Engineer: 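This is the structure I want to talk about, given as structure tokens.
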Amino acid sequence: MIIATLIICAVLSFVFFIYIQNKPISYILTALSVIGIGVSTFYIVRNDRDHYGMEKVTTSTYQPIYSVSPSKQMKMLLYQPIGTANKHQVYIYQKSENAKKKSHTDAENTTNEVVRVNTTPRIKTTEVRWHYKNNAAKLWFGIAGENHKLVKRENTIYVNKDWLVLSTTQAKALQKQMSSKAYKAKLQAQAKAFVTKQMMAAMKKNPKMNKAQQAKIQKQAAAEFQAQAVQQLIQSVQKSK
């Protein structure tokens, strides 16, 4: 409406000045039209620069998130640095356990924070946007103004303590290392030595252990070694990148 008013006033000022023969009336009407142009321009500028007729509205939404890792034993949240300074990141997650496509946070006017919790992993998105104050403001500035324009967006990403938070580069390095034949062979030899040592210590404490008890200790020792090996590998990847 405000742009239409500006155009109408501009057209009228031309018509009044050129086609009205009575000069006093022509000058008065032309002056009023020019004033209309000035007022319209003033409020268009104020709307564009100061968001006149608008107000900031804050909304918050929650979205459950799931690990992007195919392994259920290694839950993972990834991030992709934006720019060379690595000051901003886009975080990658899934909206469902079997999602075909990965989801990610937005980059525009967005900040992210990762928080460790013991509850369900989720992302809280808080947005601040410009909205028209009322219908009158929407009527006048519906074209000139930009309704729902984003001011800022804040994401708080809640993940469990056992989740890994890695960059995409670190995740690729981790996957490459774990799939290496040399690493697997080395890990197998170390696992065998670790389990043997644990079994010897257990047999020393209880020489009369039966086969079921021995099998249980072997299983526990193997699981403990695997957890330690994965943690060491993750730490080495995080330090190297």
Side-chain angles (χ1 to χ4, degrees), residues 1-6 39-69 75-172 174 234 237-238 241:
M1 189 69 174
I2 192 72
I3 293 179
T5 302
L6 174 64
V39 172
S40 299
T41 303
F42 172 78
Y43 281 107
I44 288 174
V45 172
R46 281 206 61 191
N47 175 261
D48 181 66
R49 186 184 62 189
D50 304 323
H51 296 92
Y52 178 80
M54 309 184 83
E55 61 184 353
K56 291 179 180 179
V57 177
T58 302
T59 59
S60 295
T61 58
Y62 290 85
Q63 168 66 51
I65 62 173
Y66 296 83
S67 168
V68 297
S69 171
K75 297 180 180 179
M76 194 177 297
L77 173 71
L78 301 181
Y79 64 88
Q80 175 67 53
I82 302 298
T84 56
N86 196 21
K87 293 182 178 180
H88 303 283
Q89 296 86 27
V90 168
Y91 283 83
I92 304 167
Y93 57 93
Q94 291 187 176
K95 290 185 177 181
S96 65
E97 192 170 359
N98 300 316
K100 294 182 179 180
K101 292 184 179 180
K102 303 291 188 293
S103 300
H104 60 81
T105 58
D106 293 286
E108 180 189 6
N109 297 334
T110 303
T111 58
N112 301 290
E113 180 185 9
V114 178
V115 179
R116 300 284 185 174
V117 293
N118 294 320
T119 57
T120 303
R122 64 196 186 279
I123 178 170
K124 176 186 177 183
T125 302
T126 301
E127 291 184 342
V128 179
R129 292 180 178 272
W130 287 109
H131 286 251
Y132 294 116
K133 290 182 178 180
N134 47 50
N135 290 332
K138 186 176 182 180
L139 175 65
W140 279 102
F141 302 105
I143 297 178
E146 194 171 350
N147 197 24
H148 305 299
K149 183 179 180 181
L150 179 68
V151 178
K152 64 178 181 178
R153 180 188 294 110
E154 297 176 352
N155 292 317
T156 305
I157 307 171
Y158 299 96
V159 296
N160 297 145
K161 295 180 180 179
D162 61 339
W163 278 47
L164 300 176
V165 181
L166 303 175
S167 70
T168 52
T169 303
Q170 291 171 339
K172 290 177 182 178
L174 180 64
I234 292 168
V237 169
Q238 289 175 328
K241 301 293 180 180

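Since we're looking at a predicted model, the values are computed, not measured. All values below come from the heavy atoms of this structure, side chains included, with hydrogens, waters and symmetry mates left out.
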Engineer: Mind checking what makes side-chain hydrogen bond (donor to acceptor under 3.5 Å, both in side chains) contact with H131, not counting sequence neighbours?
Structural biologist: H148
Engineer: Grab the two heavy atoms, one from N118 and one from N160, that are nearest each other, plus how far apart they are.
Structural biologist: C-ND2, 3.8 Å
Engineer: What is the minimum heavy-atom distance between W163 and I65, and which atoms define it?
Structural biologist: CH2-O, 4.3 Å
Engineer: Given side-chain contact (heavy atoms from CB on, under 4.5 Å), test T168 with I92 step by step and report yes or no.
Structural biologist: CA-CA 9 Å; T168 52; I92 304 167; 3.8 Å; yes
Engineer: Please list all pairs meeting side-chain hydrogen bond (donor to acceptor under 3.5 Å, both in side chains) that have one or both residues in residues 107-116, counting only residues at least two apart or in different chains.
Structural biologist: T110-R153, N112-N155
Engineer: With heavy-atom distances below 4.5 Å as the criterion, would you say the side chains of I123 and T105 are in contact?
Structural biologist: yes
Engineer: Looking at residues at least two apart in the chain, or sitting in another chain, which of them share a ring pair (Phe, Tyr, Trp, His ring centres under 6.0 Å) with Y158?
Structural biologist: none
Engineer: To the nearest 0.5 Å, how far apart are OG1 in T169 and CD in Q80?
Structural biologist: 6.5 Å
Engineer: Salt bridge (Lys or Arg N to Asp or Glu O under 4.0 Å) with K152: which residues, sequence neighbours excluded?
Structural biologist: E154
Engineer: Return all side-chain donor-acceptor pairs below 3.5 angstrom for residues 53-64, not counting sequence neighbours, or 'none' if the list is empty.
Structural biologist:
residue, atom, partner, partner atom, Å
S60, OG, T126, OG1, 3.1

Engineer: Just jot down the side-chain hydrogen bond (donor to acceptor under 3.5 Å, both in side chains) partners of T5, sequence neighbours excluded, or say none.
Structural biologist: none
Engineer: What is the distance from atom OG1 of T41 to atom CG of L6, rounded to the nearest 0.5 Å?
Structural biologist: 4.5 Å
Engineer: Which pair of heavy atoms, one from M76 and one from S67, lies closest together, and at what distance?
Structural biologist: N-OG, 2.8 Å
Engineer: Quick one: list whatever passes side-chain hydrogen bond (donor to acceptor under 3.5 Å, both in side chains) with R46, sequence neighbours left out.
Structural biologist: none
Engineer: Under the side chain to side chain contact (heavy atoms under 4.5 Å, CB included) test, which residues partner N135, sequence neighbours left out?
Structural biologist: none
Engineer: Mind checking side chain to side chain contact (heavy atoms under 4.5 Å, CB included) for T120 and listing every partner two or more places apart, or none if nothing turns up?
Structural biologist: none
Engineer: For A99, what residues pass the side chain to side chain contact (heavy atoms under 4.5 Å, CB included) criterion, not counting sequence neighbours?
Structural biologist: Q94, S96
Engineer: So, taking the atom named NE2 in H104 and the one named OH in Y91, what distance separates them when rounded to the nearest 0.5 Å?
Structural biologist: 15.0 Å
Engineer: May I ask you to decide if the ring planes of W130 and H51 are parallel, tilted or perpendicular, using 30° and 60° as cut-offs?
Structural biologist: parallel
Engineer: V39 versus Y43: any side-chain heavy-atom pair under 4.5 Å?
Structural biologist: yes
Engineer: Within the 4.5 Å heavy-atom criterion, are R122 and Y93 side-chain neighbours or not?
Structural biologist: no
